[in-house]
S.K.: 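Just passing along the structure, written as C-alpha cells.
In this text, all values refer to a predicted model and were calculated from it rather than measured experimentally. Each ligand, and each atom within it, is numbered from 1 in the order the structure gives.
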Amino acid sequence: MKKYFISFLLLFGLLNFANLSAQNSKPDINIIPQPKSINQQDGYFEINKQTKIYFSKGAETVARYLKDILEPATGYDFKFEELDNNLENNLKNNSIILKLSDSHPGLGNEGYTFTTTTNNLIIEANSLNGLFYGIQTLRQLLPVEIESKEKINSVIWKTPNVEINDKPEFSWRGLNLDCCRHFMSKDFIKRYIDLLAYHKMNVLHWHLTEDQAWRIEIKKYPELTSKGAFRTYDDGSVYGGFYTQDDIKEIVDYAASRFINVVPEIEMPGHSTAAISCYPEISCTGGPFDVGTLWGIYYDVYCAGNEKTFQFLQDVIDEVVELFPSKYIHIGGDEVPKNRWEKCPKCQARIKSENLKDEHELQSYFIKRMEKYINSKGKQIIGWDEILEGGLAPEATVQSWRGVKGAVDAAKQGHDVIVSPTSNCYFDYPVDITDLQKVYSFDPVPPELNAEERKHVLGSEGNMWTEYAPQELVDDRLFPRLLALSEVVWNYPAERNYEEFRKRVQNHYDRLNALNVNYGLETKPIEINKEYDSLNNNFNVKIRQLQNDLTLNLKSDEINHTILKDDSTNYIKVSYSDNLELSFTRNDKPVGKIFKEGFTFNKATRKPVNLTYPFSEKYSAGGVEALTDGLRGSDSFRGGDKSWQGYQGTDFEATLDFGNITDINKIAIGFFQASSSMVVYPEYVTFYTSTDGKIFIPVKNISNQSSLKNPDWVQKDFSVDLNNVKARYVKIFAKNLDELPKWHPAYGGKPWLMIDEIIVE
Ligand code: ACM
Ligand code: ZN
C-alpha cells in the first residue's frame, strides 16, 4: 500500500504533504477527508458573476450538479457550455472547467486533480466520479456560506490557489443504515446520500429486513409490508413504515447521481421474525409470531428444511435484483440461533439428505444455495462473518464485524472482505467506548494479511444500528465519527496525526452546521466524581471536562450551588436532595445528550439494609450500601458509575433499620427496565413497616403497570405515600419474573431486577 502511494506521488510530481496549518500567510485549508496531496500557492481564484462553467462532452450531469451547488448562495446564473476542443481559449477566461481526460491513468476511477490559478479552476479526472469528488473538494475550499440555500451578498466566493492530486485508497467506503429498528424517511435517506457524497463515500448499505420490520415492498408477498412493516406495542400503539418499489427506485437513482452504490441487505436465515410473522409456514414451528418489539436475537428463523422457504426467498430476490443495479446483494447471515433447526424434522431431514455434519453446515448449505441463485442473476453476495462457519460460499464477500478475524480468514481463503469491526466501526456504540480518536486510529487492513491477501480488502463501513437511535438521533451517533472513517478509507494516512485531524474537525463543524447536521460528541465529555463528606453531610462533586471545546452548562433544582472552578474541573457541594443536569453547547448549539445526576438526602440515607437474597457480583454497585448511599442511578444500568445493583433470577427483599421509631410518610424504590437486555420491572412491590423487627405489616402492594414489550431503557420509582406511620423498620419485597415470557427473544431466560436506591421520607 505504502509503495503504491509513493509511486502515485511521483507520477504527478507532487511536492508536499499537506501540513497546511504550518504555512504562514496562506489561509488554512481544511478538507475532510484530507486529499492525498495539496500544494498551495499564493493567491486566489474568485468565482463571480462572469464565471463560466465548461465541461467535457459526457460530463454535463456533473457540471449541472456543480451549477446547482453554486447557484443558490451566489445567486449567479453561470454561463454553462460544453468544452470546445481548443482548451486554450477557455483557459484565458474566468472559468471553472470540468475536464474528462485519459492523461492521468494513475488517478483510477475515482481520483481527480484540482488546479486553481488566479484565472481558472480546472478539475480533471478519468471519470465522472473523479470530477464529482473534485466538486466536493471545491465545496470545502469555498467559504462555508456556499451551502446556503438563500442568496448571500456579503461573501467573496474565492478558493485559495492550489494544486491537489487526490484519489481514494479503498474502493468500498460505506455506511450501513439500519432502517428496520427505526424507520428513516425517504428524504432523510437522500440527505444521508448527500452527506456521504460530501465526504467522498460511495456505498450505502441499506439494512431492509429484520425481526422488528420488513421495509421493502415485494409485490408477490404484499403482507411483508402491509403487516410485516409494523409492530404493535402493548398499549396498542403501532410503529412502522416501508419503502414502495417506486421509493426505492427514486433513492437508488438519487444515490447514482451522487456516485453512491446502494447495497440492499435482505437478512437470512436469521433476523427474520417480521417475515415469518407474515408467512409462518416457512418457520420451523409454524408460529404464530408477532413482528418483534424488543431488540436482540430471536430464536425463530427461516426453516432450512422447507422448500417453500427457498421459493419465498428466490421470489424476493427476483424483485430485489430488478430494483438495485448493485453488483452485490447482502444476505446477512449473522446471529442465527440453531435451536429450532436442532428440533425441526424438516431441518434434520435436510441435514441427512445433504450429508451435512451439523446445523452450522446447514447454515452454510442455506447460504450457498441462495448464493447460487443470486449468482444466476448476475449478482454476488455479501454476508456477515458468520457465513464462514460451516464453510464459505464460493463467491461470497465477507463483512467482518466480530473483530477482524473473519476478514483475515476469508481473505486468506481468497475472498474479498469489508472490514467493519464493532471496536472501531459501530457508531451505535456510545462515544465513551468508541470515540473519534478510536475511529481515526482504525486500520482496515489487518496486519495478519500479506501483500497478496491485502488486495482482498475492499474497504470498510460504518454501521448505524438503530435500536437506540430513532431517526432524530442518527446525526448525533454518526457525526463527527463518520468524518474519521471517511478519512481512513479515502486517505488511509500512513501516519495518523490525530491532533492535526482534530483541528480540521473543529473547523468542519461550521460546515456541518451549514448542512444542518446535529452532530454529537467526540468523546466521553465529562468525568464525574462524587464523594460523600460525612463531617459536613454533603457530597463533593467534581466534574472534569474531557472535551474542552464545548461549553458545559449546569442546571439544577437547587439554585444555591457554589461552583468552584479550577481549569477543567468544576467543584460543586450538594447538601440537599437535587437533580443536576449537565449539558454541552458549541456557540449555543446543543451537542450530545444531557447527563443527569440525582442526589437524595432522606430518612433511609446511610441506614443499614439487610438483604434476604444476594445481589449479583457482576452488578454489585459496590455493595449493599449502594441502596441507601444517596446517589440516584444514571441513565445506563451498565454505566461506569456503577449505580445500579442487579439481582438475577431471584426476588428482592430488603429490611431497613432506622435505629428508633420514625415518622414515615413515603417509601420508594427505584428500578431500571431494559427489557431487551433481560432487565425488567418487578411484577409487584410490597411495602411493609414494623416497630419491633418481628411483625411486619404490609402497607401497600403496587403492581407493575408498564409494558415489558417496551424496548426503551426506562426508570421508575415504585412508591407509596403514608400518613405519619410510626415504625423502626421498613421492608420492601419486589417480585421478579420467574422467567422471560414466550414472546421475548431470550424466552425462558432468567430476568434481572436492577435497583438504585431506597428512599424513605
Ligand atoms: C451484526 O452486528 N449483527 C452484524
Ligand atoms: Zn426447520
S.K.: Give a yes or no on whether the backbone of Leu294 and the side-chain of Ser676 come within a donor-acceptor separation of less than 3.5 Å.
M.R.: no
S.K.: With a cut-off of 2.8 Å, how many protein N, O or S atoms neighbour the Zn ion (ligand 2)?
M.R.: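 Of the protein's nitrogen, oxygen and sulfur atoms, 4 lie under 2.8 Å from the Zn ion (ligand 2).
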S.K.: If you take all heavy atoms of Asp234 and Ser707, which pair is closest and at what distance?
M.R.: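 Of all heavy-atom pairs spanning Asp234 and Ser707, the closest is OD2-OG, 2.8 Å.
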S.K.: Does the ring of Tyr373 carry Arg369 above it, NZ/CZ under 6.0 angstrom from centre and within 45° of its axis?
M.R.: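 Not satisfied by the 6.0 Å and 45° rule.
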S.K.: Is Glu307 salt-bridged to Arg350, going by a charged N under 4.0 Å from an acidic O?
M.R.: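 Looking at Glu307 and Arg350, the cut-off is met.
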S.K.: Using only atom types and a distance under 3.5 Å, with no angle test, would you say the side chain of Ser420 pairs donor to acceptor with the backbone of Ser400?
M.R.: yes
S.K.: Can you spot which of Trp206, Tyr328, Trp384 makes a side chain to side chain donor-acceptor pair (under 3.5 Å) with Glu265?
M.R.: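 That would be Trp384; it is the only one of Trp206, Tyr328, Trp384 passing the side chain to side chain donor-acceptor pair (under 3.5 Å) with Glu265.
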S.K.: Considering non-hydrogen atoms of the protein only, which is the closest contact for atom 2 (O) of ligand 1, and what is the distance?
M.R.: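 Protein heavy atom with the smallest distance to atom 2 (O) of ligand 1: Tyr426 OH, 2.6 Å.
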S.K.: Check Asp476 with Lys593, please: is the shortest side-chain N to carboxylate O separation under 4.0 Å?
M.R.: no
S.K.: Pull out every atom of ligand 1 sitting under 4.0 Å from any heavy atom of Trp401, numbered as shown with elements.
M.R.: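 Close to Trp401: 1 (C), 2 (O), 3 (N), 4 (C).
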S.K.: Could you check atom 3 (N) of ligand 1 against the protein and tell me its nearest heavy-atom contact, residue, atom and distance included?
M.R.: Asp334 OD2, 2.6 Å
S.K.: Which of the atoms of ligand 1 are close to Glu335, meaning less than 4.0 Å from one of its heavy atoms?
M.R.: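 Here the atoms of ligand 1 in question are 3 (N).
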S.K.: Which of the atoms of ligand 1 are close to Trp465, meaning less than 4.0 Å from one of its heavy atoms?
M.R.: 1 (C), 2 (O), 4 (C)
S.K.: Output yes when Glu319 and Lys220 qualify as a salt bridge under the 4.0 Å nitrogen-oxygen rule, no when they do not.
M.R.: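 No.
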